[in-house]
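Written below as structure tokens is the structure these notes are about.
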Amino acid sequence: MYQLLWRNGLRLYSIKHAAKEPVKYKSSINLPRTKFPTRLTQKTRDELERNLIESKIVACYKYQEEQHRDPAFVLHDGPPYANGDLHMGHAVNKILKDITIRSQVVRGRKIDYIPGWDCHGLPIELKALTGTKDTNDPITIRKKSRQFALDAIDRQKNQFRSWGVLANWNDIKKVYLTFNANFIVKQLHLFFNIYEKGLIYRDLKPVYWSPSSRTALAEAELEYDANFVSPSLYVRFRLTNWPNFIDEVSSKHIFALIWTTTPWTLPSNQAVCYNSNLTYALVKLKSDNKQSDSEGEDRYIIAQSLLEDFQKTSNKICTVEQLIQGYELKNCTYQHPVFREQRTLPFFDAAHVQEFKGTGLVHTAPAHGPDDFLICMNNNIPTRSFVNEEGIYGNEAPSYLRGKTVLDDGNDLVMTNLKEDIVFASTLKHSYPVDWRTKKPVIIRASQQWFINTSALKDKAIEEIDKVAIYPRVNAEASRKSLKAQVMKRPYWCISRQRSWGVPIPVFYEKVSGKVVINKKLLQCICDLTIKEGSIDFWWSQSLEKIFPPSLLEEFNLKTSDLIRGTDIFDIWFDSGSTWSQVLDNQQAADLYLEGYDQFTGWFQSSLLISLAARNCTPYKAIFIHGFTVDENGHKMSKSLGNVISPKDITAKYGVDSLRWWVAAHGTQHMAINVSQQLIQQSAENLGKVRAILRYLNGSTGDKLSKSSTTFTIRAESYLNRCLLSKLHDFEKEIFSLYDCCEYNRVIACIQNFVTNQISANYIHLIKDRLYCGKTEEIENIRFVLTQCYTILCKALWPIAPLLIEESWNGKTNFYEHHFQAHPAWKEESVEHVMEKALELKRLFNQQTKSKNSWLLSLQVNCSENALNLLQHLHPSLNVSLTDSELCEILQVNSINLQSLTSTSSDFLINTESRSDIELCPRCRRFAIQNNNDICQRCVSVLQTNSK
């Protein structure tokens, strides 16, 4: 009978023995031995992960700081928001960053990674005050908000650590928080530096305004409601002056026809814009359900190209009386649609007027639109706004609107009072901006704010963006184009907000003139007090007499009674956009910024613009853009949909490294990153296969890796050994080339391919006979190769699955303290050519033999000249049957006879003979027993040598 021997889940060989006779040779076989388990129970895994994280993370960071070479690789951490628990998007972002920095550490380079948090802003303020009575006391708001942020930071930090993120989490100096005193001081100096250059100024301009939050918002603080319903009106403005060639006699009145979805802005109208390059039509209107219509006495001006769209929408019939070229509207004037008794208003030529929608004539209210504002500013038209910070009409508005909310009663009341001038009214479902936290609609509203002059920075910004490396490379140019477009379309950047939880803009105003008061000495006094107090809360709590010494006020001839303290705070994008000044020190630019694609309008852009304004250079050499997590159907994850998968759930069920493996495999190549139980389970299974091969390599190389075994000191005699070392050299080179390009999905694919095809199928499967039953020198050579496989594979895996690697390293030493590198001498292309031809022959042979016991087969192989020249390196004698050549080992047959093939139609012609006349050795099951011995001659020799 035969006994099947198994090890590590693999069938090794079988031993023939008598039914009652015990196995004689098992103890003499060099089987893999290791304490590294095939799998872990959840309880054991959780405990092991906690121990590894506690013992390895901070220790590794400190070790590399002290031991690794400069210059340091700086990945500047974009600050997450300190307002809640972490989700899958956080996991993608933080783990991608960790993989990136670990890929540098594992090659001996020092890294500088300082995690940070964005601690200010409305979302934190709103959450901090949830469940408490409304308060207008800034100090109370700030106290509650600070504590809320600290609690969130503590929770998030522990979760980041639990994912194995490499940082010095215990050292407060190695973490930046935007509410820390030292951070605020640097931010204030940065503001003053840019202000002195004339790039920061205060002005009345239209900005996105949230009535529900009572503050200005940045574009990055907006979300969009795709189902928002607005009024859709065609409204007529009566002309008071028109081109001379229009026949006035035949017309009762002439009107400009405009289209708007914001009737509440009509009281603020100051102009009508047209495009001089368009052709307009003078038309008379008739409803399609009437035989006659009084509208026929009036005439309307509308863009010719938009007539058809207007007729379909309004059910009006347009009869064109004459065409007008756009430039002929230059001197037209009209009567204000609401304040009809006031002076007439002008027409202005404007490039933003297009023929895609509307009427080609645009209602222009400079208080409620950026394009409107710029046109009126260029033509010295004042900005009129009747809307306060709550979105309510003030006392200067028409009486029927005072005290009314613009988006509710305002729209209806304006439409009621303009009823006779509304040509057609309906509704429009469209995408509309809402406040990212309150989820309520925003408006565009003119207010006094602080701005950065982005127009002065755009040319330099475009120049610098062209120098930045962008990853992934497959999307690089599209990403570069998108970032440029976002920068170019930004007319200005509003950096002020009207809240209490934030960094105050450190300025004062003269009570009478409103003039801004700020200088270097006043600022330094504020900064010194911030450091002394440990915060800047005094801005809201202390009088000016306590903030500034009398001597300083006297020096600038200032009286506190003549000054008003500024109440604006900085936009949080100014906070986060200035973080480079906190972490870069004397280094001009970080090696990498890594964030989601939404940061084209956020952190990528704010960091770039502030750095350009302050230093005239970009803060990053390269940027990496990743996507956003969605469920298996492509839907955004939300509690309402019930499709949320949390990182905690994944790590609890599958372990930390399975989460990291999923991030590496799926987080870099698509803008929509699918999360599903199936994909997570697949990642865990793939990691389990890698674990199995690590276990085998660990057991085959011994529990302890000596320093001599990791250097190129042992000759790898066989072609199988030398070929794997050559492939290992290429593997390491390819892996770290992919790491450098942030193509972590391809790193995963490369590792899986190498493990499956090169290590397992093409090497381990073929060398088991020599490893288990061979001579000491053969075993040592194989162990040397397997050791190199193990160490280089660990090096490739450590950035992605660090806990698995540290576990497999037995805990006797720290993996991160070792440095492994493939030796250049391993690369032998000629050896690879020989092995490729042998494996080609093996594939052809396997197709013929199917499931037969190949060790009982003898082959005659007729080869082409080229194949023969290559295979002779593995089977040196021609026309002679050899049983112990390396080619026999590769094909796993009893013997081979190589002969020349005269025909050139193929490289090989194989004849197979089954050797039923031989009995295989019960120890190795490879060689035949000879001379009535119990075992083959090779095994006899091995046992005799080992017994000495």
Side-chain angles (χ1 to χ4, degrees), residues 206-213 217 219-236 257-269 287-289 302-303 305-316 318 337 352-365 368-372 387 391-392 401 404-419 421-445 489 598 601 628 630-631 633-641 643 672:
V207 295
Y208 285 110
W209 186 271
S210 172
S212 56
S213 300
L217 295 178
E219 245 184 85
E221 296 169 311
L222 302 177
E223 292 180 354
Y224 286 85
D225 179 358
N227 298 312
F228 192 84
V229 178
S230 294
S232 177
L233 305 183
Y234 287 95
V235 184
R236 63 185 192 177
L257 191 63
I258 67 98
W259 174 71
T260 183
T261 58
T262 57
W264 65 267
T265 65
L266 288 172
S268 297
N269 174 268
S287 296
D288 61 0
N289 60 350
I302 184 173
S305 57
L306 292 165
L307 278 173
E308 183 178 352
D309 182 63
F310 168 70
Q311 291 180 103
K312 286 182 179 179
T313 302
S314 66
N315 292 323
K316 305 283 186 183
C318 297
H352 73 269
V353 179
Q354 299 294 322
E355 55 183 342
F356 307 121
K357 202 169 188 180
T359 65
L361 297 171
V362 177
H363 144 59
T364 302
H368 303 296
D371 291 326
D372 306 43
V387 181
I392 294 174
L401 292 175
K404 304 299 183 181
T405 303
V406 296
L407 291 177
D408 297 322
D409 296 338
N411 273 331
D412 293 337
L413 289 169
V414 170
M415 291 167 62
T416 299
N417 280 269
L418 293 181
K419 186 175 182 180
D421 288 318
I422 296 176
V423 176
F424 180 76
S426 62
T427 58
L428 175 70
K429 183 186 288 188
H430 64 138
S431 181
Y432 189 89
V434 297
D435 187 322
W436 66 328
R437 289 302 170 185
T438 66
K439 309 302 180 184
K440 294 184 178 180
V442 303
I443 60 175
I444 295 178
R445 171 182 175 266
K489 80 176 189 178
D598 61 325
T601 59
F628 279 81
V630 296
D631 69 11
N633 297 314
H635 299 143
K636 182 180 178 181
M637 291 190 175
S638 68
K639 291 181 181 179
S640 61
L641 293 176
N643 62 350

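Note: hydrogens, waters and symmetry copies are ignored here, and every other heavy atom, side chains too, is used. Just so you know, residue 1 is the first one in the sequence shown, and it goes up from there.
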(request) Please check if the side chain of Asn633 supplies one atom and the backbone of His635 the other of a donor-acceptor pair under 3.5 Å. (result) no

(message) For a 4.5 angstrom cut-off between non-hydrogen side-chain atoms, does Tyr432 reach Leu407?
(response) yes

(request) For residues Pro211 and Pro441, report the shortest heavy-atom separation together with the two atoms involved. (result) CD-O, 3.7 Å

(request) Work out which heavy atom in Thr364 is nearest to a heavy atom in Asp372; give both atom names and the distance. (result) CA-OD2, 3.1 Å

(message) For Ser431 versus Tyr224, what's the shortest heavy-atom pair and its separation?
(response) OG-CB, 3.3 Å

(message) Are Leu401 and Pro267 packed together at the side-chain level, in the sense that at least one heavy-atom pair is separated by less than 4.5 angstrom?
(response) yes

(request) Hey, could you give me the NZ/OG1 distance between Lys357 and Thr313, rounded to the nearest 0.5 Å? (result) 9.5 Å

(request) Would you give the length of the straight line joining atom CG of Asp371 to atom NE2 of His352, rounded to the nearest 0.5 angstrom? (result) 5.0 Å

(request) Output the distance between atom NE2 (His363) and atom OG1 (Thr260), rounded to the nearest 0.5 Å. (result) 5.0 Å

(message) A side-chain contact here means heavy atoms from C-beta on lying under 4.5 Å apart; do His430 and Ser230 qualify?
(response) yes

(message) Using every non-hydrogen atom in the two residues, find where Pro433 and Leu222 come nearest and quote the distance to one decimal.
(response) CB-CD1, 4.1 Å

(message) Contact between Trp264 and Val387 at the side-chain level, heavy atoms closer than 4.5 Å - yes or no?
(response) yes

(request) Measure the OG1-CG distance between Thr405 and Asp412 for me, rounded to the nearest 0.5 Å. (result) 11.5 Å

(message) Any non-hydrogen side-chain atom of His368 less than 4.5 Å from a side-chain atom of Thr262?
(response) no

(message) What I'd like to find out is whether the side chain of Trp259 reaches to under 4.5 Å of the side chain of Leu306, using heavy atoms alone.
(response) no

(message) Testing the 3.5 Å rule here: is there a donor-acceptor pair between the side chains of Thr438 and Ser212?
(response) yes

(request) Grab the two heavy atoms, one from Ala303 and one from Gly360, that are nearest each other, plus how far apart they are. (result) CB-CA, 4.0 Å

(message) With a 4.5 Å cut-off on side-chain heavy atoms, are Ile444 and Pro370 touching?
(response) yes

(request) For the residue pair Leu361 and Leu257, establish whether any side-chain heavy-atom pair is separated by less than 4.5 Å. (result) no

(request) Give, for atom OG of Ser305 and atom CZ of Phe310, the distance between the pair rounded to the nearest 0.5 Å. (result) 14.0 Å

(request) Quick one: pull up CG in Asp435 and CG in Asp225 and give me the separation to the nearest 0.5 Å. (result) 13.0 Å

(message) If I compare all heavy atoms of Met415 with all of Ile422, which pair ends up nearest, and what's the gap?
(response) O-CD1, 3.4 Å

(request) Please check if atom NZ in Lys439 has more than 12 non-hydrogen atoms from other residues, nucleotides or ligands closer than 6.0 Å. (result) yes

